[in-house]
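A short write-up of the structure that comes next.
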Amino acid sequence: IQPSSNSASFKQMRRQALRLQIIMYAQEQRDKPLMEKLRQENSELQNKIDSFAEIYSELDDKISQERTLVEIAAEPERVKNAAAQKLGEAHDSISTSVEGYR
């Protein structure tokens, strides 16, 4: 192997490396607008997702409040039903005692 051929081979590899760097730089420059557009779209989507999450949280809180109001509204009916059941049990107990007394 002669030194001149190594030198020529090295120069050729160096030129190829420079060409690749130039091509990569050109692609980066070409892709910059696209990448910026994608970043912008990603940012907009993230803002929409955050907004949706906030709205969802508010709706979840309102649904919780509505459930609580429905439970509170149903409470008198539950108390009335429980009282009626206890009265019925007491009546049955009294009736049984009266019949046993007779």
Side-chain angles (χ1 to χ4, degrees):
I1 300 175
Q2 299 173 359
S4 62
S5 70
N6 279 341
S7 180
S9 178
F10 176 75
K11 284 179 182 177
Q12 184 182 4
M13 286 193 309
R14 193 160 177 227
R15 269 189 247 124
Q16 284 178 337
L18 283 171
R19 254 190 241 123
L20 282 174
Q21 283 181 323
I22 290 168
I23 290 170
M24 288 172 59
Y25 178 78
Q27 284 180 334
E28 270 181 33
Q29 295 306 308
R30 186 192 70 211
D31 292 345
K32 256 186 182 176
L34 175 62
M35 292 305 291
E36 186 55 38
K37 182 179 177 190
L38 290 174
R39 276 190 209 96
Q40 180 68 28
E41 287 177 3
N42 185 46
S43 176
E44 290 171 6
L45 284 173
Q46 191 59 51
N47 289 339
K48 287 178 182 178
I49 289 169
D50 293 345
S51 177
F52 176 78
E54 189 177 320
I55 291 168
Y56 180 82
S57 177
E58 289 173 10
L59 284 175
D60 195 43
D61 290 346
K62 287 181 181 181
I63 289 170
S64 241
Q65 291 171 356
E66 288 292 325
R67 278 195 191 118
T68 302
L69 290 174
V70 167
E71 288 170 3
I72 289 170
E75 191 62 29
E77 189 65 28
R78 270 187 258 158
V79 169
K80 183 176 118 185
N81 290 342
Q85 183 180 352
K86 290 292 181 190
L87 277 172
E89 290 170 6
H91 181 267
D92 292 345
S93 177
I94 290 170
S95 295
T96 303
S97 295
V98 167
E99 284 179 17
Y101 183 73
R102 286 184 188 171

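- Partners of Arg15 according to the salt bridge (charged side-chain N to carboxylate O under 4.0 Å, His left out) rule, which considers only residues two or more places apart in sequence or in another chain, do not exist here.
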**Prompt:** Going through the checks in order, is the side-chain contact (heavy atoms from CB on, under 4.5 Å) test met by His91 and Leu87?
**Reply:** CA-CA 6 Å; His91 181 267; Leu87 277 172; over 6 Å; no
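- Note: Ile23 CD1 to Gln16 CD = 10.5 Å, rounded to the nearest 0.5 Å.
- A distance of 10.5 Å separates CD in Gln65 from CG in Asp60, rounded to the nearest 0.5 Å.
- Taking Glu75 as the reference, Arg78 meet the salt bridge (charged side-chain N to carboxylate O under 4.0 Å, His left out) condition, with sequence neighbours excluded.
- Residue pairs meeting the side-chain hydrogen bond (donor to acceptor under 3.5 Å, both in side chains) criterion with at least one partner in residues 47-57, sequence neighbours excluded, are Gln46-Asp50.
- Using a 4.5 Å cut-off between side-chain heavy atoms of Ile, Leu, Val, Met, Phe, Trp and Tyr, Leu38 falls into a hydrophobic cluster with Leu34, Met35.
- Asp31 CG to Glu36 CD: the interatomic distance, rounded to the nearest 0.5 Å, is 13.0 Å.
- Between Ile49 atom CD1 and Asn42 atom CG the span is 8.0 Å, to the nearest 0.5 Å.
- The two residues Ala73 and Pro76 have their closest heavy-atom pair at O-CD, 3.3 Å.
- Partners of Glu58 according to the salt bridge (charged side-chain N to carboxylate O under 4.0 Å, His left out) rule, which considers only residues two or more places apart in sequence or in another chain, do not exist here.
- Partners of Glu77 under the side chain to side chain contact (heavy atoms under 4.5 Å, CB included) rule, at least two apart in sequence or in another chain, are Lys80, Asn81.
- Distance check: Gln21 CD to Met24 CE gives 7.5 Å after rounding to the nearest 0.5 Å.
- Looking at Gln40 and Glu44, their side chains do bring a donor and an acceptor atom within 3.5 Å of each other.
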